[in-house]
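Have a look at the structure below, then the notes.
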Amino acid sequence: MKTEAGSASDDSALGKAVAGVIAAGRAAALRHWVPATSGNFSVRIDAETIAITRSGVDKGNLQPADILIQPLAVPLLPGSSAEAELHTALYRKRPDLGAIFHVHSPAATVLSRLAAPEGRLRLTDWELQKALAGVRTHEAVVEIPVFANDQDISALSGRVDARLAQPAGDAILAPGYLLAGHGLYAWGATEAEAARHLEALETLFEFELSYRRFTP
């Protein structure tokens, strides 16, 4: 079994996924969303396998050797981030997902703490909401679930899975969730869609945080 990207450069699907992870990490670093080696990024290779960043690597300077090739049906490989389980669990549950990106931006991290008591952040009346899949109007209410941060990743993964299976009532459930005091997980059917969702949500968080500063 190939566990490192550098050992399988001849595989086109694998190479594309690894390149996608590297590009996503570097793009996030340029936006200052992954300080001090934080964050993690993954792209699906096929139904059974993903490419995902190792633990503790600089996301702004990712190399193929920094990417693990993780089968979804086996335990996490050596060198994995503990949070990699949040990726693998979601890929197993959602075969439609092609990429998951996790960042620690200031806006997402601060808003996640403010919204933690309610367990959700709701956004409305922002035109940029329409960048999210399924949102057709600024009048829609977009709900981002917020979870308490937890070092027990298996327990946290179970809570995420249960919450994402619930309807959002009058709102549209966002393609992502927040961990309080931690950051954002965003996803999409493709790398491009995941990147769009990540950028849209992060920008919406900046809007919302600024708006709250000036609203009594």
Indicate if [X] and [Y] have the same hydrophobic cluster label, given that clusters are the connected sets of ILVMFWY residues with side-chain heavy-atom separations under 4.5 angstrom.
{"X": "Val103", "Y": "Leu114", "value": "yes"}
{"X": "Leu76", "Y": "Leu86", "value": "no"}
{"X": "Ile153", "Y": "Leu179", "value": "yes"}
{"X": "Val141", "Y": "Leu164", "value": "no"}
{"X": "Phe205", "Y": "Ile172", "value": "yes"}

Next on the checklist: Let's go through Asp58 and Gln63 carefully: what are the C-alpha distance in whole Å and the side-chain angles of both, what is the deciding distance for side chain to side chain contact (heavy atoms under 4.5 Å, CB included) to 0.1 Å, and is it a yes or a no?
Outcome noted: CA-CA 9 Å; Asp58 178 1; Gln63 306 299 322; over 6 Å; no

Are the side chains of [Y] and [X] in contact, using a 4.5 Å heavy-atom criterion?
{"X": "Arg212", "Y": "Leu111", "result": "yes"}
{"X": "Phe41", "Y": "His87", "result": "no"}
{"X": "Val142", "Y": "Thr124", "result": "no"}
{"X": "Pro145", "Y": "Leu173", "result": "yes"}
{"X": "Val110", "Y": "Leu209", "result": "yes"}
{"X": "Leu184", "Y": "Glu202", "result": "yes"}

Exam field: side chain [X] to backbone [Y], donor-acceptor pair closer than 3.5 Å:
{"X": "Glu139", "Y": "Asp125", "result": "no"}
{"X": "His138", "Y": "Lys130", "result": "no"}
{"X": "Arg54", "Y": "Ala65", "result": "yes"}
{"X": "Glu208", "Y": "Leu123", "result": "no"}
{"X": "Arg26", "Y": "Leu62", "result": "yes"}
{"X": "Tyr91", "Y": "Ser42", "result": "yes"}
{"X": "Glu118", "Y": "Val146", "result": "no"}
{"X": "Ser38", "Y": "Pro35", "result": "yes"}
{"X": "Ser112", "Y": "Ala108", "result": "yes"}

Next on the checklist: Parallel, tilted or perpendicular: which one describes the rings of Trp126 and Phe207, with boundaries at 30° and 60°?
Outcome noted: tilted

Item to check | Aromatic plane relationship, Tyr177 with Trp187 - under 30° parallel, 30 to 60° tilted, over 60° perpendicular | outcome: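 If you compare the ring of Trp187 with that of Tyr177, the planes turn out tilted.
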
Could you tell me which non-hydrogen atom of [X] sits nearest to which non-hydrogen atom of [Y], and how far apart they are?
{"X": "Pro75", "Y": "Gln70", "value": "O-NE2, 3.2 Å"}
{"X": "Val34", "Y": "Gly39", "value": "CG1-CA, 4.1 Å"}
{"X": "Pro95", "Y": "Lys93", "value": "CD-O, 3.3 Å"}
{"X": "Val57", "Y": "Thr37", "value": "O-CB, 3.5 Å"}
{"X": "His197", "Y": "Ala131", "value": "CD2-O, 3.7 Å"}
{"X": "Leu121", "Y": "Ala115", "value": "CB-CB, 4.1 Å"}

Taking atom [atom1] of [X] as the centre, does the number of heavy atoms from other residues, nucleotides or ligands within less than 6.0 Å exceed 12?
{"X": "Arg113", "atom1": "CZ", "result": "no"}
{"X": "Gln166", "atom1": "CD", "result": "yes"}
{"X": "His32", "atom1": "NE2", "result": "no"}

Checklist entry - Is Arg122 salt-bridged to Asp170, cutoff N-O under 4.0 Å? => result yes

Item to check | Charged N-O contact under 4.0 Å between Arg196 and Glu199 | outcome: no

Checklist entry - Regarding Glu85 and Ser157, is there a side-chain donor-to-acceptor distance under 3.5 Å anywhere? => result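 Absent: no donor and acceptor within the cut-off.
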
Could you state the interatomic distance from [atom1] ([X]) to [atom2] ([Y]), rounded to the nearest 0.5 Å?
{"X": "Ile52", "Y": "Ser80", "atom1": "CD1", "atom2": "OG", "value": "7.0 Å"}
{"X": "Leu204", "Y": "Leu132", "atom1": "CG", "atom2": "CG", "value": "6.5 Å"}
{"X": "Glu83", "Y": "Thr88", "atom1": "CD", "atom2": "OG1", "value": "12.0 Å"}
{"X": "Thr190", "Y": "Asp96", "atom1": "OG1", "atom2": "CG", "value": "11.0 Å"}
{"X": "Thr53", "Y": "Asn40", "atom1": "OG1", "atom2": "CG", "value": "5.0 Å"}
{"X": "Ile22", "Y": "Asn61", "atom1": "CD1", "atom2": "CG", "value": "10.0 Å"}

Item to check | Centroid-centroid distance, His182 to Phe147, less than 6.0 Å | outcome: no

Item to check | Test side chain to side chain contact (heavy atoms under 4.5 Å, CB included) applied to Ile144 and Leu201, step by step | outcome: CA-CA 9 Å; Ile144 304 96; Leu201 285 168; 4.3 Å; yes

Item to check | Residue pair Arg159, Asp150: steps toward the salt bridge (Lys or Arg N to Asp or Glu O under 4.0 Å) verdict | outcome: CA-CA 11 Å; Arg159 289 196 295 276; Asp150 195 336; 2.8 Å; yes

Checklist entry - Where do Val21 and Phe101 land on the side chain to side chain contact (heavy atoms under 4.5 Å, CB included) test, with the steps shown first? => result CA-CA 9 Å; Val21 170; Phe101 301 151; 5.9 Å; no

